[in-house]
Protein chains: 2
Amino acid sequence: MTNIHDIARISGYSVSTVSRVLNHRKYVSDAVRAKVQAVIDGLDYAPSEVARDLSRGKTMKIGVVLPIFVHPYYTALMQSITEAAFAQGYQVTLLPSNYQPKLEKQFLEQFRRRSFDGLIFTSHESPLADLAKYQEFGPVVVCEDPGAVDIAAAFTDRKDSYRQAFEWIRARGYQHVSLMLPREPKLSATSRTMVEAYTAVFGTPPDPTRNWVGSMTNEDGKAAGAFFAKLQPDFVFSNGDDIAAGVLEYYVEHGLQPPAMMGQENETAGRLMGISTIDHHLDAVGQAALALATGAKHGRVEITSQFIARG
Amino acid sequence: MTNIHDIARISGYSVSTVSRVLNHRKYVSDAVRAKVQAVIDGLDYAPSEVARDLSRGKTMKIGVVLPIFVHPYYTALMQSITEAAFAQGYQVTLLPSNYQPKLEKQFLEQFRRRSFDGLIFTSHESPLADLAKYQEFGPVVVCEDPGAVDIAAAFTDRKDSYRQAFEWIRARGYQHVSLMLPREPKLSATSRTMVEAYTAVFGTPPDPTRNWVGSMTNEDGKAAGAFFAKLQPDFVFSNGDDIAAGVLEYYVEHGLQPPAMMGQENETAGRLMGISTIDHHLDAVGQAALALATGAKHGRVEITSQFIARG
DNA sequence: GTAAATTGTGGGACGGGTTTCAGGTCAAAC
DNA sequence: GTTTGACCTGAAACCCGTCCCACAATTTAC
């Protein structure tokens with residue numbers, strides 16, 4: 001494989017000059033520039049990206065940790081992060097965590113070994129404080145409200161929209177509202193916020209035995225459907241339109257009358273069923289997360305979610 | 001930032017020995033290993049991944065070109081590629097092309113600059129021959145039948161399942177079947193295969209003026225809905241369940257009676273609507289694509305699609 | 001008891017660029 | 001006529017590891 005020294009030797013100029021030509025820098029006469037370029041073209045030479053990265057001390061790569069993949073929330077977030085990155089000349093490396101702290105740790109260590117200029121956790125299982133420690137090696141960004149922990153964050157403020165949603169539910173007279181939570185409230189800020197909004201509107205916390213915890217996919221929704229079919233709530237507030245669709249599918253398959261439902265993320269399935277939903281504006285979150293990861297921005301960026309009433 | 005030379009100097013041993021310790025290699029006495037490790041731990045040292053990559057001449061990274069992101073087909077394919085990669089110790093870098101040949105060219109050039117050990121095109125706009133040229137720099141993989149072009153490929157054989165699908169449609173007596181194609185048949189192998197299967201079953205090629213070209217997303221489906229509402233086919237064979245859902249949404253919103261439909265990709269929306277679909281087994285395709293990209297496999301891998309009748 | 005193999009350690013080339021600094025030329029400014 | 005400064009070019013240090021090779025000290029084999 002030909003390298004910059006070959007080009008220098010063959011063209012008869014120094015490595016420095018070749019480097020200047022490659023990077024379109026000043027202080028090379030037009031004549032020399034042309035000659036060097038001719039040699040480059042003739043040998044079909046392309047400089048090594050890795051060598052550049054090492055020399056410059058920057059990789060122009062951002063790692064993005066994703067717990068799961070086939071999931072509208074994460075897909076949409078990933079999409080916006082990737083597009084924003086690309087616009088800034090950064091590349092995005094996917095880091096699938098499957099919610100395993102061991103893998104998360106591995107990605108953090110990789111970050112410590114300077115594989116990436118910045119690291120974004122779209123979700124995480126390890127304690128926030130553990131992630132925060134690694135900020136010593138560069139920007140570490142989370143996509144949730146980090147509370148008291150000092151870490152860069154881009155997230156949606158869901159309080160208001162959850163509140164609106166519960167008020168909408170209450171105004172319609174539903175009595176037995178079940179929540180579908182992605183993970184245990186103590187592990188997930190999103191779940192906590194849902195529970196808090198419920199409590200604020202109904203004056204009492206939701207009965208944990210009437211909620212379903214651990215719904216991520218449409219399949220999970222089907223499993224939850226069996227649970228709700230026994231429990232018979234009159235309203236199910238799901239954590240995703242696609243998940244709500246799973247619940248509905250269970251009822252339909254078993255010839256049962258489904259409860260009223262509401263979803264989140266404003267997906268196709270939600271429109272199809274005509275149920276209310278909440279748009280968390282993931283495009284804006286992704287853009288902000290990237291800006292934090294590249295160091296273009298600092299601190300926290302908060303984006304407001306939007307309740308969409310239907311039916 | 002501390003480096004391997006610092007560790008060598010401070011521990012009193014050579015760089016070679018430190019390198020051996022770091023990589024858990026033989027030929028270091030237990031006593032020395034312990035001492036060196038103590039210095040490493042004491043200084044909280046982690047070796048630079050980029051320097052390693054340069055030295056080893058491998059990046060352990062695979063680039064994956066995706067035209068779009070929020071799309072079940074590409075999401076699922078990406079998922080399986082990423083998981084397979086991770087299992088082999090490879091990392092996946094996302095390269096969003098938005099179907100622009102200019103961007104594709106840029107990714108190919110990046111590959112030439114040895115940013116990745118392998119490159120996977122989940123789809124592409126540039127001519128296959130252009131991609132094939134870059135195999136000189138390492139494995140370039142496409143996810144379609146490359147025909148006569150000599151390039152690594154992992155793809156589904158859709159002929160049989162399309163044929164079954166059209167036979168199922170014909171057996172039910174539908175007369176005016178419209179196709180929804182992702183892109184113009186001359187640009188897309190998938191579209192061509194659909195058209196060929198139609199022709200084989202119905203004995204005559206489909207009327208191009210009755211097909212819809214350019215459907216990728218649910219939104220596109222809505223647009224197509226307006227087209228079909230005027231055209232009034234009695235059957236619409238869509239290129240995705242989610243896209244078919246978009247068509248249905250248009251009809252429902254306008255209070256019209258929708259045609260019979262069929263989708264592809266076996267998605268939530270398809271089950272929800274109870275329409276037939278085709279599963280292209282993208283998990284297997286992704287795994288095969290990765291094996292080709294790392295050089296573990298060579299040539300072509302063909303996977304068979306599966307027709308799923310419903311309703 | 002000596003030849004051969006194995007183990008332990010260090011030196012230094014190598015991978016392929018970027019960047020600082022030094023030195024030289026030449027035209028404009030004073 | 002000298003100073004100033006912009007322009008051009010090259011030498012060499014630097015980024016940070018890996019790995020081949022040399023050499024010494026032990027073991028093992030015969």
Side-chain angles (χ1 to χ4, degrees), chain A residues 1-37 39-40 43-61 89 109-117 137-138, chain B residues 1-37 39-40 43-61 89 109-117 137-138:
Chain A
M1 189 102 313
T2 109
N3 62 31
I4 198 172
H5 293 92
D6 296 333
I7 304 296
R9 187 168 34 77
I10 295 169
S11 67
Y13 292 92
S14 71
V15 169
S16 325
T17 299
V18 176
S19 178
R20 283 187 204 102
V21 172
L22 285 173
N23 294 288
H24 308 102
R25 271 209 253 289
K26 288 205 309 182
Y27 302 132
V28 182
S29 68
D30 290 349
V32 172
R33 195 180 292 275
K35 277 188 212 165
V36 170
Q37 190 62 53
V39 175
I40 290 172
L43 293 182
D44 211 28
Y45 163 74
S48 156
E49 207 68 61
V50 177
R52 277 194 163 158
D53 286 348
L54 175 61
S55 200
R56 287 202 270 244
K58 276 194 107 190
T59 66
M60 298 305 279
K61 286 185 179 61
E109 281 299 311
Q110 220 168 327
F111 180 53
R112 196 159 86 92
R113 293 196 296 270
R114 286 144 285 170
S115 272
F116 317 114
D117 292 348
F137 309 108
Chain B
M1 187 103 316
T2 109
N3 62 31
I4 198 172
H5 294 92
D6 297 333
I7 304 296
R9 187 168 35 73
I10 294 167
S11 67
Y13 292 92
S14 71
V15 169
S16 319
T17 298
V18 176
S19 179
R20 282 185 206 106
V21 172
L22 285 173
N23 295 288
H24 308 103
R25 271 208 252 289
K26 290 205 306 179
Y27 303 131
V28 183
S29 69
D30 290 349
V32 172
R33 195 180 292 275
K35 278 189 214 164
V36 170
Q37 189 62 53
V39 175
I40 290 172
L43 292 181
D44 212 29
Y45 163 73
S48 155
E49 206 69 60
V50 177
R52 276 192 164 158
D53 287 348
L54 175 61
S55 200
R56 288 202 269 243
K58 277 195 107 189
T59 65
M60 297 305 280
K61 286 185 180 62
E109 282 299 311
Q110 219 167 328
F111 180 54
R112 195 159 87 93
R113 293 196 296 270
R114 288 144 284 169
S115 273
F116 317 113
D117 292 347
F137 309 108

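Chain letters run A, B, ... following the sequence lines, proteins first and then strands; every chain starts at 1.
Across all their heavy atoms, B/Ser115 and A/Glu49 have their closest contact at OG-CG, 3.1 Å. The two residues B/Arg33 and B/His24 have their closest heavy-atom pair at NH1-CA, 4.0 Å. Between B/Met1 and A/Arg114, the shortest heavy-atom contact is CG-NH1, 3.4 Å.
Nucleic acid contact class of A/Arg25 (heavy atoms, under 4.0 Å, all strands): sugar-phosphate only. The residue B/Asp53 sits apart from the nucleic acid: no heavy atom pair falls under 4.0 Å. Residue-level contact check: A/Arg113 touches neither bases nor backbone, having no heavy atom under 4.0 Å from any strand. Among the atoms of the strands shown, only primed sugar atoms or phosphate atoms (P, OP1, OP2) are found under 4.0 Å from some heavy atom of B/Thr17.
Closest-nucleotide positions on DNA chain C for B/Ser29 and A/Met1 were compared, and the one nearer the 5' end corresponds to B/Ser29. Residue B/Val15 is the one, among B/Leu54 and B/Val15, whose nearest nucleotide of DNA chain C lies closer to the 5' end (criterion: closest heavy atom).
In this model, no side-chain donor or acceptor of A/Ser48 finds a partner on the base of C/dG15 within 3.5 Å. For B/Arg20 against C/dG10, a side-chain N or O and a base N or O form a donor-acceptor pair under 3.5 Å.
Between A/Asn3 and C/dG15 there is no side-chain N or O to OP1 or OP2 distance below 4.0 Å.
Between the NE2 atom of B/His5 and the C1' atom of C/dC14 there is a distance of 12 Å, given to the nearest Å. Residue A/Lys58 contributes atom NZ, which lies 17 Å from atom C1' of C/dG17 at whole-angstrom precision. Taking atom OH of residue A/Tyr27 and atom P of nucleotide C/dT18, one finds them 18 Å apart after rounding to whole Å. Atom-to-atom, OH of A/Tyr45 to P of C/dG16 comes out at 9 Å; the value is rounded to the nearest Å. Straight-line distance from the NZ atom of A/Lys26 to the P atom of C/dT19: 16 Å, rounded to whole Å.
For DNA chain D, the outermost nucleotides in 5' to 3' order that have an atom under 4.0 Å from a heavy atom of chain B are D/dC16 to D/dC19.
Annotation: side chain of B/Ile4 is in contact with side chain of B/Ser19 (closest heavy-atom distance under 4.5 Å). Side-chain atoms of A/Tyr45 and A/Asp6, non-hydrogen and from C-beta on, never get closer than 4.5 Å to each other. With contacts defined as side-chain heavy-atom distances shorter than 4.5 Å, the pair B/Lys35/B/Ser11 does not qualify.
Comparing C/dG17, C/dT9, C/dG16 by their closest approach to the side chain of B/Val32 singles out C/dT9. When distances are taken from the side chain of B/Ser55 to each of C/dG15, C/dG16, C/dT9, the shortest belongs to C/dG15.
Just one residue in the list A/Val21, A/Val28, A/Leu22 forms a side-chain contact (heavy atoms from CB on, under 4.5 Å) with A/Val36, and that residue is A/Val21.
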